[in-house]
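Per chain, numbering begins at 1; letters A, B, ... match sequence-line order. Just so you know, these numbers come straight off a predicted model, no measurement behind them.
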Protein chains: 2
Amino acid sequence: MSTDIDTSSKSLSGKRISESTINRLSLYYRALSLLEKEGYETVSSKVLARREKLTPAQVRKDLSFFGSFGTRGLGYPVADLKKEIAVILGIDRVWRVALVGIGNIGSALVSYKEFARQGFQIVKLFDNDQRKIGSNHKGIIVSDINNLATELAEDNIEMVVLTVPATVAQYIVDEIVKAGIKAILNFAPVNLKVPDDIYLRNENMSMELEYLSFAIVNNHTQKKVKL
Amino acid sequence: MSTDIDTSSKSLSGKRISESTINRLSLYYRALSLLEKEGYETVSSKVLARREKLTPAQVRKDLSFFGSFGTRGLGYPVADLKKEIAVILGIDRVWRVALVGIGNIGSALVSYKEFARQGFQIVKLFDNDQRKIGSNHKGIIVSDINNLATELAEDNIEMVVLTVPATVAQYIVDEIVKAGIKAILNFAPVNLKVPDDIYLRNENMSMELEYLSFAIVNNHTQKKVKL
DNA sequence: AATGTAATGTGAAAAGCTTCACAATTGAAT
DNA sequence: ATTCAATTGTGAAGCTTTTCACATTACATT
């Protein structure tokens, strides 16, 4: 994991919402989905916190930035709160996503059900390899990356997942930006330069292993959930 | 991305090193590798910072937790600093890693070169599916998950990458813990319970897309690099 | 109707993290 | 040998995030 978008935005009424808060909303959403399936109608900040290894105060504070969703003495209505969070996160809709780079990680993500489950629909694939162009992945035909700009526009793509080699990532991201895409999730282990108005986020899987390595070697003590 | 290991550990001389600092060490390491290839002998905190969209003060502060690696007026010696960071992160060696769950993501990670490049060698694969057990992935034969405990021990495995479905992840992680593994990188979108002495880290790829979604919907302004 | 219990929402305090700013130090130039 | 320019290392300040603690409110019970 890793990124480029700010932490301190003024989203709502001028309040600054931290990145950590947004990330925790994702966790709450996931926990609420589960609670809903388990048949719970309400849930307290205490229970929600325990489920995601956070504190009740943190849960209440996070939610309070966006409104008053609970009932004193009772807790939060599971189904309603889930919907509210979906609206806040913008996942109460389907996002049309393109994926560029049909390598190991890229092809895996095409079949990754969790994306679709959260409303991120991969509807377009691109590669520069003639052997891959025209091939079918989960019902999607791989397009030639040279047609990126026109095809992204034609298909109303709003986000791009970038799974190309690090060496070409900057070139490709420039093309994606030129094509008018505003949100990019980059898996290449490289720091990409993008204009200020582009949302870029980096997924750096080695970094997580490096953290584990550091933890073992330095006898790190455990305390909190990292987001 | 995402986890379970603390942020505020006392690794060295009682100093607390934050998780952000550790994550930035990974970035510095990557930047230094590149600088080394480009032929630089020294680098200033200013240049290093610019490469990873951080501030020079941040770079200096981070490094100062671990020692004095620079020369005033000159900067940091690229090759040496890279080695120092490798030692700090514990990546100046090879880690023997097992991967459990040969699905989409799992098989992609077996071929993910970036892991090997950082010293994380996947040497063992497990699955519970009879059709997969015995099959060969990049030279590794998939083992039966029922032999997890004995085979992990026999092979001196120190870390496990977990790419099983969310529904079975808790069960599997319990087995992994029983087998004596202390570090786990979990890709299942579920909050796993582990004893306090186990290092667990979560990679949550949907969370990153959800952040992008939030950013677009709420007109988030950009400022910093997220780690 | 009154009392008791549970649990939110939130200012304020505490803790943690980042940036500032400057003394100290090095190498280069004169 | 002296001066100048560059750049580190670091305490202190500033800012952000988390936690605390409590008034408030809703429901259940008597």
Side-chain angles (χ1 to χ4, degrees), chain A residues 6-25 27-28 35 40-78 80-81 84 221 223-227, chain B residues 6-25 27-28 40-50 52-78 80-81 84 221 223-227:
Chain A
D6 170 26
T7 252
S8 48
S9 79
K10 308 184 199 173
S11 345
L12 297 312
S13 42
K15 282 179 242 128
R16 285 175 176 277
I17 306 295
S18 77
E19 168 168 4
S20 304
T21 293
I22 308 308
N23 284 162
R24 282 190 297 266
L25 288 184
L27 298 184
Y28 302 150
L35 285 161
Y40 288 86
E41 303 229 314
T42 59
V43 64
S44 66
S45 60
K46 195 172 163 190
V47 168
L48 200 44
R50 192 164 44 226
R51 292 244 177 171
E52 295 295 337
K53 296 204 198 92
L54 301 166
T55 63
Q58 180 98 79
V59 171
R60 294 199 300 274
K61 184 63 100 179
D62 283 340
L63 296 176
S64 78
F65 291 132
F66 302 96
S68 294
F69 307 115
T71 307
R72 288 163 199 239
L74 241 196
Y76 299 93
V78 171
D80 287 359
L81 182 57
E84 295 276 8
T221 48
K223 271 208 214 141
K224 293 192 196 169
V225 173
K226 191 235 144 192
L227 295 172
Chain B
D6 174 26
T7 253
S8 49
S9 81
K10 308 183 199 173
S11 344
L12 299 311
S13 44
K15 283 180 241 124
R16 286 174 177 279
I17 308 295
S18 77
E19 167 168 4
S20 305
T21 292
I22 308 308
N23 284 162
R24 282 190 298 264
L25 288 184
L27 298 184
Y28 302 149
Y40 288 86
E41 302 228 316
T42 57
V43 63
S44 65
S45 58
K46 194 172 162 188
V47 169
L48 200 43
R50 192 165 41 226
E52 295 297 336
K53 296 203 200 93
L54 302 166
T55 65
Q58 179 98 79
V59 171
R60 295 200 301 275
K61 182 63 100 179
D62 283 340
L63 295 175
S64 78
F65 291 132
F66 302 97
S68 292
F69 307 116
T71 306
R72 286 163 199 241
L74 242 196
Y76 300 93
V78 171
D80 287 359
L81 183 57
E84 295 277 6
T221 49
K223 269 207 217 146
K224 290 190 197 170
V225 173
K226 190 235 145 188
L227 295 172

Nearest-Å distance for atom pair CG/P, residues B/Leu48 and D/dT8:
9 Å

Integer-rounded Å distance: D/dT17 C1' and A/Leu54 CG:
13 Å

Who pairs with B/Ser45 by side chain to side chain donor-acceptor pair (under 3.5 Å), at least two apart in sequence or on another chain?
B/Arg60

Quick check: on DNA chain D, is the nucleotide nearest B/Lys61 upstream (toward 5') of the one nearest B/Ser44, or the reverse? Name the residue that is more 5'.
B/Ser44

With A/Gln58 via side chain to side chain contact (heavy atoms under 4.5 Å, CB included) - residues at least two apart
A/Arg24, A/Tyr28, A/Thr55, A/Asp62

Under 4.0 Å between a side-chain N/O of B/Arg24 and OP1 or OP2 of C/dT18, yes or no?
yes

Taking distance alone, no hydrogens or angles, what donor-acceptor pairs closer than 3.5 Å link side-chain atoms of residues 70-77 of chain B to residues at least two apart or in another chain?
none

Counting only heavy atoms from other residues, nucleotides and ligands, does the tally under 6.0 Å from OH of B/Tyr40 exceed 12?
no

note: A/Ile22, atom CD1; D/dT17, atom P; distance rounded to Å ~ 11 Å

Using whole Å, report how far CG of A/Leu81 lies from P of C/dA7.
16 Å

Nearest whole Å is fine: how far is C/dT8 P from A/Leu63 CG?
9 Å

When the axes are fitted on five pairs at both termini, how much does the helix from C/dA1-D/dT30 to C/dT30-D/dA1 curve, in 10° steps?
0°

Find the distance between CG (A/Leu48) and CG (A/Leu27) and round it off to the nearest 0.5 Å.
9.5 Å

Could you tell me the separation between the CZ atom of B/Arg60 and the P atom of D/dG9, rounded to a whole number of Å?
9 Å

Hits for salt bridge (Lys or Arg N to Asp or Glu O under 4.0 Å) against A/Arg51, two or more places apart or cross-chain, chain-then-number order -> A/Glu38

Short side-chain N/O contact from A/Gln58 to OP1 or OP2 of D/dT19, under 4.0 Å:
yes

B/Phe66 and B/Thr21: side chain to side chain contact (heavy atoms under 4.5 Å, CB included), yes or no, with the steps?
CA-CA 11 Å; B/Phe66 302 97; B/Thr21 292; 4.1 Å; yes

To the nearest Å, how far apart are B/Phe65 CZ and D/dT10 C1'?
10 Å

Using whole Å, what does the distance between atom P of nucleotide D/dG14 and atom CZ of A/Arg16 come to?
18 Å

Strictly below 4.0 Å: does A/Tyr76 bring a side-chain N or O up to OP1 or OP2 of C/dA6?
no

Check against side chain to side chain contact (heavy atoms under 4.5 Å, CB included), B/Arg50 and B/Val47:
CA-CA 5 Å; B/Arg50 192 165 41 226; B/Val47 169; 3.9 Å; yes

Return no unless some side-chain N or O of A/Ser45 is found under 4.0 Å from OP1 or OP2 of C/dT8.
yes

Given that A/Gly70 and B/Ala57 both sit by DNA chain C, which one's nearest nucleotide is further toward the 5' end?
A/Gly70

Short N/O separations, protein against nucleotides 26-30 of chain D, under 3.5 angstrom:
from: D/dA26; atom 1: O4'; to: A/Arg72; atom 2: O; distance (Å): 3.3

Listed nucleotide nearest any side-chain atom of A/Ser18, set D/dT18, C/dT19, C/dC22:
D/dT18

